[in-house]
Amino acid sequence: MITFDEVTKTFPGGSVAVDNLSLELPTGQITVFVGPSGCGKTTSLRMINRTIEPTSGVISIDGEDVSKQDAALLRRKIGYVIQNAGLFPHRTIVDNIATVPLLNGVNKKQAREQAAELLTRVGLDSSLAHRYPAQLSGGQQQRVGVARALAADPPVMLMDEPFSAVDPIVRDGLQKEFLRLQAELGKTIAFVTHDIDEAIKLGDNVAIFREGGHLAQLGSPQDLLDNPADDFVADFVGRDRGFRGLSFLTAAELEVEPVTAYVDRLDAVRLVLDDDGRPRGWSVDGSERLRPLPGTFTGTDTLRLVTDLAITSPAGAAVRVDRDGVADGIVAHEAIARHLTGLRHVGNERDRSQAAR
Ligand SMILES: Nc1ncnc2c1ncn2[C@@H]1O[C@H](COP(=O)(O)OP(=O)(O)OP(=O)(O)O)[C@@H](O)[C@H]1O
């Protein structure tokens with residue numbers, strides 16, 4: 001567990017970046033720091049590995065005050081990922097990843113072998129190992145940044161807007177990969193973002209900061225949406241709140257129509273499959289020029305994704321696939337609306353029975 005105990009940071013010139021922050025980041029979980037620009041998120045993060053020193057207060061990891069530890073050794077025990085990856089431009093990918101193990105005295109051959117393994121673990125092809133950072137896309141560089149931070153198997157990771165500089169589709173892939181890795185690894189992670197959507201998607205806990213370096217509220221994403229502590233938090237999480245709430249509901253109970261039966265009544269849009277039953281695209285009015293699917297879903301995806309897919313599809317419907325990518329159902333947005341009506345009804349009944357007690 002990482003603990004902030006009454007931590008304040010005042011920069012020379014008197015600007016208070018972090019004001020009397022007390023906070024716990026539980027072991028093995030992702031705690032996201034989110035808030036408007038300049039509210040002290042990065043400063044708080046960087047005080048954990050002592051790249052910034054607090055003016056007062058104590059930060060400890062598993063009960064040990066970080067200020068009492070050798071700063072260089074402390075940093076090697078803490079993975080650090082930043083925006084734009086911050087890779088060393090003149091080192092190959094594999095040597096970038098091996099940086100900390102080499103500093104820790106692991107021999108070169110072993111460090112490179114581990115680095116190559118990590119490369120595949122973060123979803124990159126091992127053929128990229130001997131390229132230089134400039135020969136990779138932004139999203140690939142970001143994955144290498146994560147691999148480098150993981151290389152010494154640190155129990156704690158600090159991530160400062162690691163996925164902000166890539167386009168939304170690549171970001172979505174990086175976030176999913178990151179959650180999959182974290183489910184395997186269970187690191188204690190402090191993650192900075194200014195994007196409340198990202199905070200809600202990734203955080204086990206979310207700390208909302210407000211200007212002046214104050215903690216406005218700490219809670220699970222659901223807590224923050226259901227019980228915002230004040231108007232600032234309500235406003236911050238409130239934009240698109242209903243839509244965001246769909247992130248907590250899964251598509252498991254959605255009623256789907258059989259794939260073959262589905263033809264959109266309004267625009268005669270039909271789903272075209274390949275020989276294996278995988279979706280190829282939508283055909284409008286029998287045209288052979290197919291419109292691509294924005295994506296597909298499975299029963300474990302969120303209602304938010306399904307709604308988004310349905311809204312952005314020319315058919316007004318989202319396609320469900322099985323593990324092999326074979327289409328096994330279609331859900332139109334009318335069916336999603338019916339499902340939501342059912343859920344609201346259940347919620348209202350629950351409220352009534354609680355009120356009656
Ligand atoms: N080295 C510094 N010297 C003086 N003031 C600083 C320094 N670093 C940060 N600050 C100030 O401290 C405050 C908090 O900065 P910080 O970078 O922690 O905010 P942030 O919430 O991470 O913002 P952003 O989302 O824009 O990165 C800001 O007002 C900033 O101008």
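In listed order, ligands and their atoms are each counted from 1.
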Practice task
Under the salt bridge (Lys or Arg N to Asp or Glu O under 4.0 Å) rule, what do Lys109 and Glu113 come out as? Steps first, then yes or no, please.
Solution key: CA-CA 6 Å; Lys109 184 166 174 285; Glu113 275 169 15; 3.2 Å; yes
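- Of the N or O atoms in Gly40, one or more lie within a sub-3.5 Å distance of an N or O in ligand 1.
- From the protein, the heavy atom lying nearest to atom 18 (O) of ligand 1 is Thr43 OG1, 2.5 Å.
- Other residues, nucleotides and ligands place no more than 12 heavy atoms under 6.0 Å from the CZ atom of Arg291.
- Between Phe209 and Phe236, the ring centre distance reaches or exceeds 6.0 Å.
- Between Asp95 and Arg148, none of the side-chain N atoms (NZ, or NE/NH1/NH2) sits under 4.0 Å from a carboxylate O, so this pair counts as no salt bridge.
- Nearest protein heavy-atom contact of atom 26 (O) of ligand 1 is Ser37 OG, 2.6 Å.
- Those atoms of ligand 1 with a heavy atom of Cys39 less than 4.0 angstrom away are 19 (O), 20 (P), 21 (O).
- Using a 4.0 Å cut-off between charged nitrogen and carboxylate oxygen, Arg304 and Asp308 do not count as a salt-bridge pair.
- Taking distance alone, with nitrogen or oxygen atoms compared against 3.5 Å, His194 stays at or beyond that limit from ligand 1.
- Considering backbone and side-chain atoms alike, Lys41 places an N or O below 3.5 Å from some N or O of ligand 1.
- Considering Lys41, His194, Gln83 as possible partners of Glu161, the one that fulfils the side chain to side chain donor-acceptor pair (under 3.5 Å) test is His194.
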Practice task
Could you walk me through whether Ser22 and Glu6 pass side chain to side chain contact (heavy atoms under 4.5 Å, CB included), step by step?
Solution key: CA-CA 5 Å; Ser22 292; Glu6 299 186 354; 3.6 Å; yes
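- Residue, atom and distance of the protein heavy atom nearest to atom 9 (C) of ligand 1 are Phe11 CE1, 3.4 Å.
- Backbone and side-chain nitrogen or oxygen atoms of Gly38 are examined, and one is located within less than 3.5 angstrom of a nitrogen or oxygen of ligand 1.
- Nearest protein heavy-atom neighbour of atom 12 (O) of ligand 1: Ala17 CB, 3.3 Å.
- Closer than 4.0 Å to atom 2 (C) of ligand 1 lies at least one heavy atom of the protein.
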Exercise for the section: Could you check Ser67 against Asp65 for side-chain hydrogen bond (donor to acceptor under 3.5 Å, both in side chains), going step by step and ending with a plain yes or no? Expected result: CA-CA 6 Å; Ser67 73; Asp65 181 346; 2.8 Å; yes
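- Ranking protein heavy atoms by distance to atom 17 (O) of ligand 1, first place goes to Thr42 CB, 3.8 Å.
- Protein heavy atoms all stay at least 4.0 Å away from atom 31 (O) of ligand 1.
- Under the 3.5 Å distance criterion, with hydrogens and angles disregarded, a donor-acceptor pair is assigned to the side chains of Arg91 and Thr99.
- Contacts of Ser15 with ligand 1, taken as heavy-atom pairs under 4.0 Å, involve the side chain alone.
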